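Please read the structure below before turning to the comments.
Please read all numbers here as calculations on a predicted model, not as lab measurements. In what follows, every chain begins at residue 1, and chains take the letters A, B, ... in the order their sequences are listed. Computed from heavy atoms alone, side chains included, the values below leave out hydrogens, waters and symmetry copies.
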Amino acid sequence: MYAFDFEKPTSLNEAVTALQTEEAMPLGGGQTLIPSLKQRLAAPSKLVSLRGVDEIRGICRDDAGRICIGGGTTHAEVAAGVPEYPALAALAANIGDPAVRNRGTIGGSLANNDPSACYPAAALASGATIVTNTREIAADDYFEGMFMTALEEGEIITEVRFPVPEKAHYEKFEQPASRFALVGVFVAKFADGVRVAVTGASEEGVFRWSEAEAALASDFTPEAVQGLSVPAEGMIGDLHGSPEYRAHLVGVMTRRAVAAAG
Amino acid sequence: MTKVSMTVNGEAAEGEAEGRTLLVEFLREELGLTGTHVGCDTSQCGACVVHVDGRAVKACTMFALEAEGAEVRTIEGMANADGSLNVVQQAFQDHHGLQCGFCTPGMVMSAAALLDETPRPSEAEIRDYLEGNICRCTGYHNIVKAVLAASGQDAERIAAE
């Protein structure tokens, strides 16, 4: 690791100010950033730990019935704290391992936007709103490709607001060494339609499978998407699986997710 | 270097750390508590698991300065007051839950965290909770038995495979 300065502010305002330094980076739970620093894939001048900023931790509900999760809330806290949205709780409960879930945060995961991370699929399929210190961003406008998001330099995710679907399920085909999704599919059925978000598969990062959404809107059964497939072109190919394999898994995971959502 | 202070195994501990100093480095090199091991250093193996404010964390994937003011518990703080092994440690010995012993500090800390959350875990819950702790000797079976026994359950009921 290269050397860097370290700050641990206790308010959002202090954190925003601390991040105005050139090459400063926010530190959430550090479960991805610290390994990246060790590999010298990141070399910030300063890390600003958000762990002491209590105002961006915790879970509440807004007047619209949405679950509002502070950006600094850990995966373990989400797993235990959203009983009315079991698919989201189960997703959080299956990220990494227990020790990772005690440190890693939802804001950190969404800001990093790893193409194989679980939370991007939940946010996109739920039609969540990502709230920062300066604005609100719809999930549809937030994810901009592998490790790319709409966040500006120094912008901090303060809250993520999840509408609660009528039915939902996240089906993850786990890569056992990394515990990331080889392919993960989150389906969410709302009164006005179905949203299907796929992670782990595309070179562009998380995406909505609109063909499946249309089919499921009129018939929310695994059979409705039986004949559908995504093209292998643009899918990730690596030692764990070819693009064709991942494209195949998208269909399988979608059908399983729909079946499990009931 | 920045001064950092925390409570380690019930006692006030103080030392100096850089921003990049990992909690595990601070524990081992600054405080001399070498029971916490560094296995992979990539947050995969769990040999470095300690408790921070009562929750299991990987000490190789947390900075020492993040633990300012925290209550940290390491394997050195697990024995009973009279120096005898605590119930989890004793169960690991009784059921041969270790061979080379390198992963054992992390295994014990994770197992203790599990039993804090779930006092009578099922075999499946134990295996699931220890997912982030890798052992290359035992094949896990006797570790699972040890955790079952430590929770007061019949360890013999899980069949050898």
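For the options B:E18, B:Q44, B:R55, heavy-atom pairs under 4.5 Å to chain A are most numerous at B:R55. For the options A:L37, A:L27, A:V100, heavy-atom pairs under 4.5 Å to chain B are most numerous at A:L27. Of the listed residues (B:L114, B:L22, B:T42, B:N133), the greatest number of heavy-atom pairs within a distance under 4.5 Å of chain A belongs to B:L22.
Considering all non-hydrogen atoms of both residues, B:V88 and B:A111 come closest at CG1-CB, 4.0 Å.
Both the backbone and the side chain of B:E66 come within contact range of chain A, each with at least one heavy atom under 4.5 Å from a heavy atom of that chain. Proximity to chain A (any heavy atom under 4.5 Å) is shown, for B:M109, by neither the backbone nor the side chain. At a 4.5 Å heavy-atom cutoff, B:L130 makes no contact with chain A through either its backbone or its side chain. Heavy-atom distances place no part of A:L33 under 4.5 Å from chain B, backbone and side chain included.
At least one test fails for B:R20 against the ring of B:F63: distance under 6.0 Å to the centre or angle within 45° of the axis.
Taking the ring centroids of A:Y245 and A:H240, they lie at or beyond the 6.0 Å cut-off.
Under the 3.5 Å distance criterion, with hydrogens and angles disregarded, no donor-acceptor pair is assigned to the side chains of B:N86 and B:Q90.
Expressed to the nearest 0.5 Å, how far CG of A:N113 lies from OG1 of A:T199 amounts to 8.0 Å.
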